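Since the structure is predicted, the reported quantities are computational estimates derived from the model, not experimental observations. So you know, we letter chains A, B, ... as the sequences are listed, proteins then strands, and number each from 1.
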Amino acid sequence: MIRAYSRSNPPIEGFLLYQDMRHRGLHADRLSLSFVIKCFVRVSSLMGGVQVHARILRDGHQSDSLLLTNLMDLYSLCEKGNEACKVFDEIPQRDTVAWNVLISCFIRNHRTRDVLGLFDAMVNGEFGCEPDDVTCLLLLQACANLGALEFGEKVHCYIQEHGYGDAMNLCNSLVAMYSRCGCLDKAYGVFKSMRNKNVVTWTAMISGLAMNGRGREAIEAFREMQRVGVLPDYQTFTGVLSACSHCRAGELDRAYQVIMSMEVKPDSTIWRTLLGACRIHRHVTLGERVVGHLIELKAQEAGDYVLLLNIYSSVGNWEKVTELRKYMKEKGIQTTAGCSSIQLNGEIHEFVVDDVSHPRKEEIYDMLNEINKQLKIAGYVVEITSELHNLGAKEKTYVLSYHSEKLAIAFGVLATPPGTTIRVAKNLRICVDCHNFAKFLSGVYNRDLIIRDRTRTSFSLQCNDQSISTGHTNGLNLGLFGDIWLKSYWDEVGRFCEMGKAVTSISQGQKGETRSKQLLCETSSPV
DNA sequence: CTAGGGTTAG
């Protein structure tokens, strides 16, 4: 019965059942306890975790790997990474699943880089168990987050050598990983080789094309998906929308109207995509309105306010910047620290702004200062509107000079032979100034740069003596995409909305909570 | 009396 509750129904009732059981003097065995933990996992209840933890110890289950891994997962879900690690230390026999839970915990709790070392140790037999398909799945996620292409390729080899090569979930992750590392040809290679493709496969490819600035192909892939009869869901929709928002020339008000007129209720991702476009096009009033919608959905994140700050500063409205900063401070809104990473000889190097933790920090700062000097000669000017604090121009220039991505790029220039492509991954959105910096650097230092951030990958490629870059709309890039398809874009969105209705009616006929249903049928009553 | 098990794709 508790198991039944752990799978459906309001999960907390599973715990009530368990308490009732104890009141009746019945002893809960380990499996009942594991289902109780599952109930708490479903609601991410830290309090529940603490209670059941105590119960595990009191009932003498302190060496039960099933219960302990279960509990770890709960702590890790509640962002209590340290607690989860402590529990892990208590597991006497750690099998692959236990390690997998630890890996998943690290990925969730911002220790992604450590995961790569764990994989290596596991492959080398240091843990007495081998990586399985789930380990590989987790590792691909980690590589995608870090933009760690080399390591991702290593995992790919492992997958093939161990007979997991046909697994659909792994192949889907491979498509995503290669896309997010800016390697579209490899992503497409995996995609093409797959015999069966589901909505996840197609969405990975569409989003991959979108985030790499290949809007037209993203839409072509979207059409092809429909042609072969795969139904899109809300993530597909977001991919298509982002394909267009990174390179469309304005028309945001129309986008807003289309979203508002959708039969289905738009979710936070869609609003956020539009908000990103508002920043690119400096559309203040619409940006404010979109944030209003996010607040209404109770879905606003620190990053959304930062985007709004960006919009205000890009039009020089410092009063609004100050006002919003004050509001954020009052509300205790914490922003995520920006972090950039670069892979070198199998090792990941991470940087935060003004980072001084790297062993080669002196060389890196010298290199960065030298680069700044060279780029200035080439005509690079710091884009001070990228700095969101109300400082003087001089201070702004200084603060912007040591952004984490610049440190990572300087390290790349320093530590790789001339001509090597530099790949950097960033956890947040890259700022306009750093983008310009990369573009100039590409020309001056004759390097191809591929920078992946939270929403897309931008390329600064050195071709025909002319530095070009994509992925960012600052007036220079639009030509790359051509614009014929942009004109037909809104017709496409209109058709998509029609299809949204179709998906709604299909989802309503299905049991279970599919995510498409969550988006498309938020107004309908639960099954 | 037994059975019920932990990680996991865009």
Mind running a 4.0 Å heavy-atom check of [range] against DNA chain B and sending the residues that fall below it, in number order?
range	value
residues 169-190 of chain A	A/N169, A/N172, A/S173, A/A176
residues 104-114 of chain A	A/S104, A/R108
residues 47-63 of chain A	none

> Looking at side-chain heavy atoms only, is the closest gap between A/T96 and A/P131 below 4.5 Å?
Replying inline: no
> Residues in side chain to side chain donor-acceptor pair (under 3.5 Å) with A/Q343, at least two apart?
Replying inline: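 A/Q343 satisfies side chain to side chain donor-acceptor pair (under 3.5 Å) with no residue once adjacent residues are dropped.
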Should [X] and [Y] count as an ion pair when the cut-off is N to O under 4.0 Å?
X	Y	answer
A/R30	A/D64	yes
A/R423	A/D448	no
A/E217	A/R214	yes

> For B/dA9, does either OP1 or OP2 sit under 4.0 Å from a side-chain N or O belonging to A/K197?
Replying inline: no
> Does A/K192 count as lying over the ring of A/Y188, i.e. NZ or CZ under 6.0 Å from the six-ring centre, within 45 degrees of the axis?
Replying inline: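 Because its charged atom misses either the 6.0 Å distance or the 45° angle limit, A/K192 does not stack over A/Y188.
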> Among all residues two or more places apart in sequence or in another chain, which pass the salt bridge (charged side-chain N to carboxylate O under 4.0 Å, His left out) test with A/D304?
Replying inline: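 Scan of A/D304 (salt bridge (charged side-chain N to carboxylate O under 4.0 Å, His left out), adjacent residues dropped) gives A/R272.
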>> Does atom NZ (A/K197) have a neighbourhood of more than 12 heavy atoms from anything else shown, all under 6.0 Å?
In response: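 Yes.
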Per-pair distances, 0.1 Å, donor-acceptor, side chain in residues 87-94 of chain A, under 3.5 Å, sequence neighbours excluded:
residue, atom, partner, partner atom, Å
A/R94, NE, A/F88, O, 3.4
A/R94, NE, A/I91, O, 3.2
A/R94, NH2, A/D89, O, 3.2

